[in-house]
2 protein chains.
Amino acid sequence: MDEVLSAVMELFWRQGYEATSVQDLCAATGLGKGSLYAAFGSKQELYGQALRHYVKLTTHDLQAQLLRSVPLRQAVRDLLLDRIEQSLSAPERPGCLLVSAVVERVPHDQGAARIARDAIEALKGAFATALHTARAAGEISTDADVDSLAGYLTAMVQALRVMSISVPDEKQLTAIVDTALSVIPE
Amino acid sequence: MDEVLSAVMELFWRQGYEATSVQDLCAATGLGKGSLYAAFGSKQELYGQALRHYVKLTTHDLQAQLLRSVPLRQAVRDLLLDRIEQSLSAPERPGCLLVSAVVERVPHDQGAARIARDAIEALKGAFATALHTARAAGEISTDADVDSLAGYLTAMVQALRVMSISVPDEKQLTAIVDTALSVIPE
DNA sequence: GCCGTTGTGGACCGCTCGGTCAACCAAGTC
DNA sequence: GACTTGGTTGACCGAGCGGTCCACAACGGC
């Protein structure tokens, strides 16, 4: 089941929703149409499940990176650079399924909209927790507005995903990350 | 010709590339299929022209906003808030054709990739010019790294376009803008 | 060995897709 | 009025779409 969802996720990630046909999905999963429809109901619902799967994986990843016992600023920097590295090293799958879901599906698919909104919320929450911890530890200024900073960092993650596609230049992207990080008050 | 491109742009903007059929485009432009194909060659090329049209309009808009004789920081703030306002007030057309082009088309369409890359470059250039002027006028610190800041602001524009779709909350978005702007050294 | 059940696969459905093409129409020239 | 010409049209094409359905394989209980 999880392997099926992983294969489906991979395909939607690479090709987007509309450009991926149900036949493609059958080929990728090794399942027949009937089985796919019996298990998931429709292409749309299948997409929803795949998106949920993606969110689960990436959120888990991100939280793990934020919980490492390194200074917050460095943890965030590593995290953002990792995302860039991922995009640049996998040219066939350069973006982020969540971002393309937001852009391509959210306006027309309430289910996807819900999942995406929750995912963004969770992302922001993870940043907020990490920022709180860092602030309590005296690592960043007590003036820091944790909520705004968390929203800001969430936006930066999306930004870098988009920029990595159109400007696949590690140097420029790294400069953006470092500029972005200078916001966090010491 | 420009009205045709505007109608086409509008439709691709609202629906994305794959979800828009040639028949939709005929209905929106009032032209028959033959005329459309005679004038543009293929759906892909038509998309390219529409994207170019969009870029021309929005780049012009943005440059005008940056050239107003107000402090740079405020000009940038107004500009970013305008983009948010646009997204929130037009729910059927919430994103940005350029962002969706980057996400949906760039990995599979070299023509679109070229147009998008050039557009991002132009965006960055416009910010760089404005930052240079502001620095020369003593409005921002002479230490400011204009190139990095320009890239950073370009990324922020993309970020807000994505965030406006998934978190359509003006207050949160404004907080992100203000956090983002605190990067610019006084 | 023989059922009932569950899950599978792929032929099949009506439909729409992107793209083509021959017929057609108005306008200009003589 | 006959002819050319540039642009327009929509019927038409093969292919592929999302989705359905039923014959059939796999398998545990008896």
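So you know, we letter chains A, B, ... as the sequences are listed, proteins then strands, and number each from 1.
- Using a distance-only test at 3.5 Å, with no hydrogens or angles considered, a donor-acceptor pair links the side chain of Glu139(B) to the main chain of Leu72(B).
- A search for ring pair (Phe, Tyr, Trp, His ring centres under 6.0 Å) contacts involving Tyr152(B) returns nothing, not counting sequence neighbours.
- Within a 6.0 Å sphere centred on NE2 of His53(A), other residues, nucleotides and ligands contribute more than 12 heavy atoms.
- By the 6.0 Å contact criterion, CZ on Arg68(A) is enclosed, its count of non-hydrogen atoms from other residues, nucleotides or ligands being greater than 12.
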Inset, instruction - Please step through side-chain hydrogen bond (donor to acceptor under 3.5 Å, both in side chains) for the pair Lys124(A) and Gln172(B), ending with a clear verdict. - result: CA-CA 11 Å; Lys124(A) 186 179 166 188; Gln172(B) 280 193 57; 2.9 Å; yes
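- Note on ring orientation: taking the six-membered ring where Trp is involved, the planes of Tyr17(A) and Phe12(A) are parallel (angle under 30°, cut-offs 30° and 60°).
- Among residues two or more places apart in sequence or in another chain, the salt bridge (charged side-chain N to carboxylate O under 4.0 Å, His left out) test is passed with Glu170(B) by none.
- Sparse packing is recorded around NE2 of His132(B), with 12 or fewer heavy atoms of other residues, nucleotides or ligands lying under 6.0 Å away.
- You can see that DNA chain D meets the heavy atoms of chain A within a 4.0 Å-exclusive cut from dC17(D) to dC21(D), reading 5' to 3'.
- Taking a 4.0 Å limit (strictly below) on heavy-atom distances, residues 3-10 of chain B does not reach DNA chain D anywhere.
- Recorded end-axis angle for the helix from dG1(C)-dC30(D) to dC30(C)-dG1(D) stands at 10°, based on five pairs per end and rounded to 10 degrees.
- Under a 4.0 Å N-O distance rule, the pair Arg117(B)/Glu121(B) does not qualify as a salt bridge.
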Inset, instruction - For each nucleotide in nucleotides 9-22 of chain C, reading 5' to 3', give B when a protein heavy atom comes within less than 4.0 Å of its base, S when such contact involves only the sugar-phosphate, and - otherwise. - result: BBB-----SBBBB-
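- Annotation: the span from Phe127(B) atom CZ to Leu79(B) atom CG amounts to 5.0 Å, rounded to 0.5 Å.
- Under the 3.5 Å distance criterion, with hydrogens and angles disregarded, no donor-acceptor pair is assigned to the side chains of Asp78(B) and Gln65(B).
- Between the side chain of Ser148(B) and the backbone N or O of Asp145(B), no donor-acceptor pair lies under 3.5 Å.
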